[in-house]
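Below: the structure, in structure tokens.
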Amino acid sequence: MWPTTPRASTRCREGPSSLLTADEKAGFERRLLAWYRRAKRDLPWRDSADPYAVLVSEVMLQQTQVATVAPYFERFMATFPTVRDLASAVPDDVFHCWQGLGYYSRARNLPRAATRVVEAFDGKIPGSVDELRSLPGVGPYTAGAVASIAFGRTEPAVDANVARVLSRIFAVPGDPKSGPTNRTLWAHAADLVSESAPRDWNAALMELGSLVCRAASPACDECPVAFGCAAKERGETDRYPELRRPRPTIAVEDVAVLVESAGGVALVRRPDGGQWGGLWELPRVRRGDGEELQAAAKRAPLEVCGVAVTDLQPLGAIQHTITRYRVRLHGFRGTGDGADLVALACAEARWVAPDAMGAYALASPQRKLLRLARRVDTDFPAP
DNA sequence: CTCCAGTAGT
DNA sequence: ACTACTGGAG
């Protein structure tokens, strides 16, 4: 059908010389689409052709796996069914819907994108890659995915799945995230993308990467295009893609305090933009080098929101990893005087009635911490 | 514990 | 080009 090692491949890092012939592409397309129609998963966002639903799902799928996204997508679409609903949404409601999904800049950008769609595109998600790229939070991948999947445009879309598939088929050396290798992969994707069924084509390439051409132990015997795969041909599927190894993690310790008073529990809002931007949390500080946990616990509410606590008791600790930090998060509870909070090292600070805390968007480690509090005191509401 | 996944700011 | 940003699954 096509040469066992497509002409593509290794020598050409960029440029149009690495292309398949029309016959080769046709065979590739026929096999992959036939496989996709048989093997595709029934995912919530595949029920709808609404470009807004496609946009929401693709933004949620950025850096986030299908199984994690599915329930969030359904809740989000039920809460903000149209782009106009999202454009006029209260930011806190969007964060609340997004809590636990991670990368919260997406929850800030998506309503901004919706607002732009309403103001610049008359409430209709635009169909061209350039217009899509003008929406905040929409990069090359998301623009290509929405243009092809929602609008049937013949546009490539290279996510990590597609990058893996293509780097194996063409034995593309180098880290897919590096500039030159990334451009090579996009060139292959652009060359291959179907003109008759771009929707299914891009979805199929991603589905293949996710289900068959997996990072670990790819199922080459189930692969509809194994015949033309250069990496398989060489018995080197595990050498592609050449991912750069992650930097080592740094161990740190944080201390957060559940401050209780007559007015409720002290919650503080993280400033937009950084870690957990826009979300709420218990006052928290990094434990200093050699600092006693109790001392850090005393410091946290004082430095973050200007409240002194007495009667500090440990709640235990949880573990989480955030980018390159491996964090042990210690929880304490203590009594505050209920005086006014001052937003010192936070965007906002409030006393919140314990049973009203469910309305606040918290990051996952904070939820876990509150579950510890609940184990100690069963009167405390579950997060 | 290890692995995995796009965008934007600098 | 480099780096920050999360959480869940295995």
Side-chain angles (χ1 to χ4, degrees), chain A residues 55-73 95 98-110 112-113 116 129 132-147 156-165 167 174-183 185-186 189 202 205-207 209-211 213-218 238 240-252 254 270-279 281 284 318-329 361-369 371 383:
Chain A
L55 176 65
V56 170
S57 69
E58 290 301 342
V59 170
M60 286 188 169
L61 287 162
Q62 290 166 7
Q63 299 291 98
T64 314
Q65 322 255 302
V66 163
T68 306
V69 166
Y72 281 88
F73 174 78
F95 282 121
W98 208 274
Q99 71 171 339
L101 197 56
Y103 296 98
Y104 299 95
S105 63
R106 297 181 295 176
R108 195 173 57 256
N109 283 333
L110 198 50
R112 291 174 55 214
R116 176 159 165 74
V129 163
L132 286 161
R133 285 284 277 115
S134 78
L135 304 176
V138 175
Y141 162 71
T142 306
V146 174
V158 179
D159 71 347
N161 289 309
V162 175
R164 187 165 56 246
V165 171
S167 69
D175 175 8
K177 289 190 167 180
S178 77
T181 304
N182 193 251
R183 282 190 286 279
L185 293 170
W186 277 88
N202 280 331
L205 222 39
M206 295 182 226
E207 197 80 333
S210 178
L211 298 178
C213 196
R214 298 180 295 246
S217 59
D238 55 332
Y240 299 92
E242 282 173 26
L243 297 175
R244 198 178 35 184
R245 66 173 183 78
R247 302 152 72 196
T249 56
I250 301 161
V252 297
D254 282 2
R270 316 244 336 133
D272 272 1
Q275 194 170 77
W276 299 310
L279 273 70
E281 66 177 0
R284 176 176 63 90
I318 61 120
Q319 194 81 36
H320 72 277
T321 306
I322 167 94
T323 54
R324 67 181 198 281
Y325 297 99
R326 163 159 207 75
V327 183
R328 188 160 182 78
L329 174 61
L362 306 179
S364 287
Q366 293 282 321
R367 298 248 148 221
K368 279 192 213 166
L369 203 59
R371 262 176 259 140

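In what follows, every heavy atom counts, from backbone to side chain, and hydrogens, waters and symmetry copies are set aside. Letters go in sequence order (proteins before strands), and every chain restarts at 1.
- Contacts of A/V138 with the nucleic acid, taken as non-hydrogen atoms under 4.0 Å apart, involve only primed sugar atoms and P, OP1 or OP2.
- Comparing atom distances between the A/R164 side chain and each of B/dG6, B/dA8, B/dC4 picks out B/dC4 as nearest.
- Residues A/R270 and A/R284 meet the side-chain proximity criterion, which asks for heavy atoms closer than 4.5 Å.
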Passes side chain to side chain contact (heavy atoms under 4.5 Å, CB included), A/L101 versus A/T68? Steps please.
CA-CA 8 Å; A/L101 197 56; A/T68 306; 3.9 Å; yes
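- One can place CZ of A/R106 at 12 Å from P of B/dA8, the figure rounded to the nearest angstrom.
- For A/R244, the salt bridge (charged side-chain N to carboxylate O under 4.0 Å, His left out) partners at least two apart in sequence or on another chain are A/D175.
- Residues passing the side-chain contact (heavy atoms from CB on, under 4.5 Å) test with A/T321 are A/R326, sequence neighbours excluded.
- Rounding to whole angstrom units, CE of residue A/M206 and P of B/dC4 are separated by 19 Å.
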Going 5' to 3' through nucleotides 2-10 of chain C and flagging B where a protein heavy-atom sits under 4.0 Å of the base, S where only the sugar-phosphate is that close, and - otherwise, we get --SBBBS--
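- With B/dA8, B/dG6, B/dC4 as the choices, the nucleotide that has an atom nearest any side-chain atom of A/T142 turns out to be B/dG6.
- Atoms CG (A/D272) and C1' (B/dG9) sit 15 Å apart, rounded to a whole Å.
- If you take CZ of A/R133 and C1' of B/dT7, they are 8 Å apart, rounded to a whole angstrom.
- A/R106 and A/Q63 are not linked by any side-chain donor-acceptor pair at a separation below 3.5 angstrom, with hydrogens and angles left out of the test.
- Side-chain contact between A/F95 and A/R108 is present, with at least one heavy-atom pair separated by less than 4.5 Å.
- Where A/Y141 and A/P246 meet DNA chain B, the nucleotide closest to each residue was compared, and A/P246 sits on the side nearer the 5' end.
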